[in-house]
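Presented below is the structure to which this report refers.
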Amino acid sequence: MHKKFDSGEIEKKWQAIWKESGIYNVGERDLTKPKSYVLVEWPYPSGNLHIGHWYAFAVPDIYARYKRMTGHQVLYPMGFDAFGLPAENAAIKRNLNPKDWTYENMAFMREQLERMGNMFSWDKTTNSTDQDYYKWTQWMFTQFFEKGIAYRGKGIVNWCPGCNTAVANEQVLADGTCERSGDMIEKREMPQWMMKITDYADRLIDDLDTVAWPEHIKEAQRQWIGRSKGAKINFTLSTGDVVTVFTTRPDTLFGATYLVLAPEHPLLSKSEVRGETSNLADVDVYVKSATQKDEQDRLDATKEKTGVKLDAVFATNPASGEQIPVYVADYVLGGYGTGAIMAVPAHDERDYAFATKFELPVKCVTLAREIISQMNITTNPNERDGYSILLEKYKNGEGFHPGYGTLINSGEFDGMDSEEAQEKIVAKVGGEMTSTYRLRDWSIGRQRYWGVPIPIVYSPEGEAHIVPKEHLPWVLPEDVDFKPTGVAPLAKSEALKKRTEEIFGAGWTPEVETMDTFVDSSWYFLRYLDNKNEGGLASLEAQKEWMPIDMYFGGAEHTTMHLLYSRFWQKALFDLGLVTESEPYKQRVNHGMILGPDGNKMSKSKGNVVDPDAQVALVGADTVKIYLAFMGPYADSSYPWDFGGIAGVRRFLERVYGLVDHIGDSEPTELTRQLHKTIAKVGTDILEFKYNTAISAMMILVNLAEKGSITKASYELFVRILAPFAPHLTEEIWTQLGHTSSVHAETFPVADMTLAIDETVVIGVQINGKLRGNITIAPDATEGEALNAVQDNPLLQEKLLSGTLKKVIYVPGRILNLLLQ
RNA sequence: GCUGCGGUGGCGGAAUGGUAGACGCAAUGGACUCAAAAUCCAUCGAUCGCAAGGUCAUGAGAGUUCGAGUCUCUCCCGCAGCACCA
């Protein structure tokens, strides 16, 4: 008789043994085995593991363990993304040091993580706040600075006059005030440390074709980067100034009836352009209010278009030679394209809306294909349909149509197709075919304390210099009052000031900003490979052994930011010869969220938070893990917690344990068959992240085994396929079955498909496509045998009498469909 | 508005174009018990029928097919991201 299933005791025992034996440490690369680098996003040490962490780490552990059991040397590392604002806020609130708070949390969470029983490669761990880690974060920054990838640029920030500092978007309330001071937030252009991610935009899009990610994730990145192909075309103003516009439709150049500058456009600082007389005040007022407008307001497409005409100037359309007016309007953005557009109201909705309001001419230059193809060709005006009337209207400047088609009113290009005309028109006016992107450069400077100090010092002349390698890590000073006072906390450090002057000389000053934490997480997967390397971020040898990451599991919220930043970082390192791969992640899976029992996002205020520690204490880590895996496919969808459901999973494991009492000398053939089917199914399901159906198949097997007996050999095979899901319980059973080595050193069984073949199958019989009954036949029975089986079934036979058999469709093992006349 | 994903019992979900609802939960009835819990057995989409069996069912409507949850088109709804992007 087996012992009572005391999950707490069993788990505690095996965790201690595993830790002692170091069974999950990776050590040196074993070249006799293929490698598999399974990565999960490292957590922020908030102080407590929540269910989301369990979902993110325990379920992929099934995958990692399966890979391990199928002969791979698996790297499944874990660490902490430990810099960031919450530590600073918690420290202010409790009057602690952010470092102490962070390190205490990490120690506590590490214990919680160990109680999961995952096969984490703890010998490879690291964390972003470790000086050995951020030394290399800083060093990479200096390399990027030298290459011009990291640069001092200008960015727009949310400035709070009350706090006298820049604040993050999430600290700005819906009404545009600061959550701390309540003051109105202003937009202010400030010097910022930036990364030139835009230089990599094309590669970041094009290299997506080389990775095996799900298409929806690739598409999200493409959308985020937002590449538009088009042309830059110069328009000359009456003042002689040149305005470069970007357009995706250079083929409509002849239809450009006015020009629009963004309120931020640099030419507006020229008085000749702004105008000097009555118009000046209007322009100034408009520009001032538009540039101070809240971004939300300005981007509100439902609002009516606004703008002001620049009376002092006109522009010349380089294709038609026509003189056209110039406007300033905030529907054109300073930060996108060239900050100026040619307006073609006949073929663009926004231009049309603006032109209608300001009574500007609308000139149709394209007969859109869509309209022509649907038009009734007739000479009788009474028979003309809606489309041809529409066509007539829009040719006359009423309405717009954005589609491609045949050019008209376009000089020598008349009759040409839109696509064909693009390059030709651009060539004629001396423009340039080019792309523009929605993606902006990455601002990485933060006026915060708890982060990686930017390793830059300024000479007395104010010139930026890197902190050379021998002075790295450029240590975060501790003599800092990090309470918010409006000045970057590091500016208050005497130690940092002193250190800078001692090393670089009198009058030299340190940079006082720290880095965005997205920088830390842009390369952590490299440090795991070689976490003790003192001479570099990670040796090329270690990278050759382990990169690229074979499988990257993470949250859907990181699809664009983290995934894009780290891909960029990798490419920038690749160009410097510091890494071996230009794409870090071969495969990616996004998981969803675990919701509260009420179906809502878990939150303290809703009182629907499920505490994993309490669940583990109640039913054990194996049960919590399997329950999470059983909820549904591991994909980008969310599932509500169900206390009944987890109890069901616990019952399943108790039955698995209880099967010890069913071990016998023989077992039914049906059980052997089901076992081998299950072995095959579990393996393929794991690789497709369908843990739920894998578990379901194992439940079916256990239900069957309970009804009779199971041989010890079969039970052992079953225990081995369950091992990745329930590492503690299976280890316990394995030992009780008399083994002295770990079940986790076993291989994943290979199904013997000759034992999995069914002797008979029940298939449906349809008459004229409707299910009328079923027959039991051999899976490979011939059509004749199937029809004989129908003869033996009186009910089916009777139904067949209603007509004559015209056609038989027989799919062996699936369906028999009899078509009657 | 655009892009992506989805819509199947009371719930989570299952289903290479081939018997829709596997598996689990919840529920109901029964056994055991003084009782309850636990456990075990049975039932469990709707509807008609004493039954055998029939009819209707995968958001709505059409289409392709011997056969559609699955493929195509139109529409409705939900979720997520982005949004005056030239």
Side-chain angles (χ1 to χ4, degrees), chain A residues 214-220 222-224 226-228 230-231 245-250 252 256 260 262 296 298-303 305 329-333 335-344 347-351 353-354 402 436-439 556-557 559-560 590 592-593 595 597 599 627 630-633 635-649 651-652 654-655 658 690 692-700 702-703 706 761-775 795 799 806-820:
Chain A
E215 193 50 42
H216 72 273
I217 302 181
K218 292 187 185 183
E219 192 51 32
R222 289 189 197 106
Q223 293 275 337
W224 186 264
R227 175 163 64 191
S228 300
V245 303
F246 176 76
T247 175
T248 54
R249 292 293 303 276
T252 63
V260 186
Q296 288 304 315
R298 182 148 162 204
L299 298 185
D300 189 345
T302 62
K303 295 226 167 117
K305 301 264 176 294
D330 67 3
Y331 81 92
V332 174
L333 306 176
Y336 182 78
T338 58
I341 62 157
M342 64 178 213
V344 186
H347 304 291
D348 181 274
E349 184 175 5
R350 291 150 303 159
D351 295 345
F354 189 87
T436 194
Y437 306 86
R438 207 175 69 82
L439 183 71
E557 70 276 18
T559 299
T560 43
N590 281 359
M593 234 189 313
L595 308 172
Y627 172 60
F630 187 55
M631 294 177 118
D636 190 359
S637 60
S638 301
Y639 305 104
W641 187 270
D642 176 6
F643 288 103
I646 191 168
V649 170
R651 277 197 284 272
F652 163 64
E654 280 170 4
R655 294 162 107 141
K690 293 182 343 191
N692 55 331
T693 49
I695 294 162
S696 148
M698 290 189 283
M699 286 173 167
I700 292 169
V702 170
N703 289 346
E706 268 189 336
V761 288
V762 178
I763 68 168
V765 178
Q766 296 179 337
I767 293 174
N768 287 337
K770 283 229 174 221
L771 185 72
R772 291 303 178 198
N774 49 53
I775 51 175
L795 199 68
K799 290 190 194 301
K806 201 178 73 179
K807 192 177 174 190
V808 176
I809 291 157
Y810 173 58
V811 183
R814 293 286 178 192
I815 200 80
L816 177 67
N817 191 0
L818 306 171
L819 303 182
L820 302 186

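Just so we're on the same page: letters track the sequence lines, and every chain starts at 1.
B:G9 takes the syn form, because its glycosidic angle lies no more than 90° either side of 0.
For A:Phe652 and B:U39, the CZ to P distance is 15 Å, given to the nearest whole Å. Atoms CG (A:Leu595) and C1' (B:C79) sit 11 Å apart, rounded to a whole Å. Here the C1' atom of nucleotide B:U3 and the CD1 atom of A:Ile217 are 15 Å apart, to the nearest Å. The nearest whole Å value for the distance from the CG atom in A:Leu439 to the P atom in B:C85 is 17 Å. The CD atom of A:Glu706 sits 11 Å away from the P atom of B:U39 (whole-angstrom rounding). Summarising the geometry, the separation between CG on A:Asn768 and P on B:A68 is reported as 13 Å, rounded to the nearest angstrom. Computed from coordinates, the A:Asp348 CG to B:C2 P distance equals 15 Å when rounded to whole Å. If you take CZ of A:Arg438 and C1' of B:C84, they are 13 Å apart, rounded to a whole angstrom.
The 5' end of RNA chain B is approached more closely, in terms of each residue's nearest nucleotide, by A:Leu819 than by the other of A:Thr560 and A:Leu819.
For B:A35, there is no paired base (Watson-Crick or G-U wobble, both distances below 3.5 Å). Pairing for B:G45 goes to B:C56, judged as Watson-Crick or G-U wobble with the two contacts each under 3.5 Å. Across the strands present, B:U64 finds no partner; the criterion is a Watson-Crick or G-U wobble pair with both atom distances under 3.5 angstrom. Base-pair partner of B:A26: not found among the strands shown (Watson-Crick or G-U wobble, both distances under 3.5 Å). Partner assigned to B:C5 is B:G78, using Watson-Crick or G-U wobble distances below 3.5 angstrom.
Of all heavy-atom pairs between A:Thr248 and A:Ser228, the closest is CG2-CB, 3.9 Å. Here the closest heavy-atom approach between residue A:Arg249 and residue A:Met342 is recorded as O-CE, 3.7 Å.
On the C1' atoms, B:C40 is 33 Å away from B:U47, given to the nearest whole Å. Taking the C1' atoms as reference points, B:G13 lies 15 Å from B:G45, given to the whole Å. For the C1' atom pair drawn from B:U8 and B:G69, the interatomic distance equals 7 Å after rounding to whole Å. The same atom, P, is picked in B:A80 and in B:C75; the two are 23 Å apart, to the nearest Å. Here, B:U70 and B:G6 have their C1' atoms 14 Å apart, quoted to the whole Å. Annotation: B:G53 and B:A60 have their C1' atoms spaced 31 Å apart (nearest Å). Atom P of B:U74 sits at a distance of 13 Å from the matching atom of B:C2, rounded to the whole Å. Across the C1' atoms, B:G7 and B:U58 are found 9 Å apart, a figure rounded to whole Å.
Among the protein residues, A:Lys799 comes within range of the sugar-phosphate backbone only, with heavy atoms under 4.0 Å from sugar or phosphate atoms but none that close to a base. Using a 4.0 Å heavy-atom distance criterion, A:Arg772 is classed as a sugar-phosphate-only contact.
For A:Gln223, the side-chain contact (heavy atoms from CB on, under 4.5 Å) partners at least two apart in sequence or on another chain are A:Glu219. Checked against side chain to side chain donor-acceptor pair (under 3.5 Å), A:Thr693 has the following partners two or more places apart in sequence or in another chain: A:Asp685. Partners of A:Phe246 under the ring pair (Phe, Tyr, Trp, His ring centres under 6.0 Å) rule, at least two apart in sequence or in another chain, do not exist in this structure. A:Ala353 pairs by the side-chain contact (heavy atoms from CB on, under 4.5 Å) definition with A:Lys305, not counting sequence neighbours. Take A:Asn590 and apply the side-chain contact (heavy atoms from CB on, under 4.5 Å) test, not counting sequence neighbours, and it matches A:Ile217, A:Ala556, A:Thr559, A:Arg588, A:Asp636.
The closest side-chain donor-acceptor pair between A:Asp351 and A:Tyr331 falls under 3.5 angstrom.
Few gaps surround CD on A:Glu557; more than 12 heavy atoms of other groups in view lie less than 6.0 Å from it.
A sub-4.0 Å separation between OP1 or OP2 of B:A86 and a side-chain N or O of A:Tyr336 is present. For the OP1/OP2 pair of B:C85 and a distance below 4.0 Å, the side-chain nitrogens and oxygens of A:Arg350 include at least one atom meeting the criterion.
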Item checked: Per-nucleotide protein contact string for nucleotides 12-26 of chain B (B base, S sugar-phosphate only, - none; heavy atom under 4.0 Å) -> BSSSB-BB--BBSSS

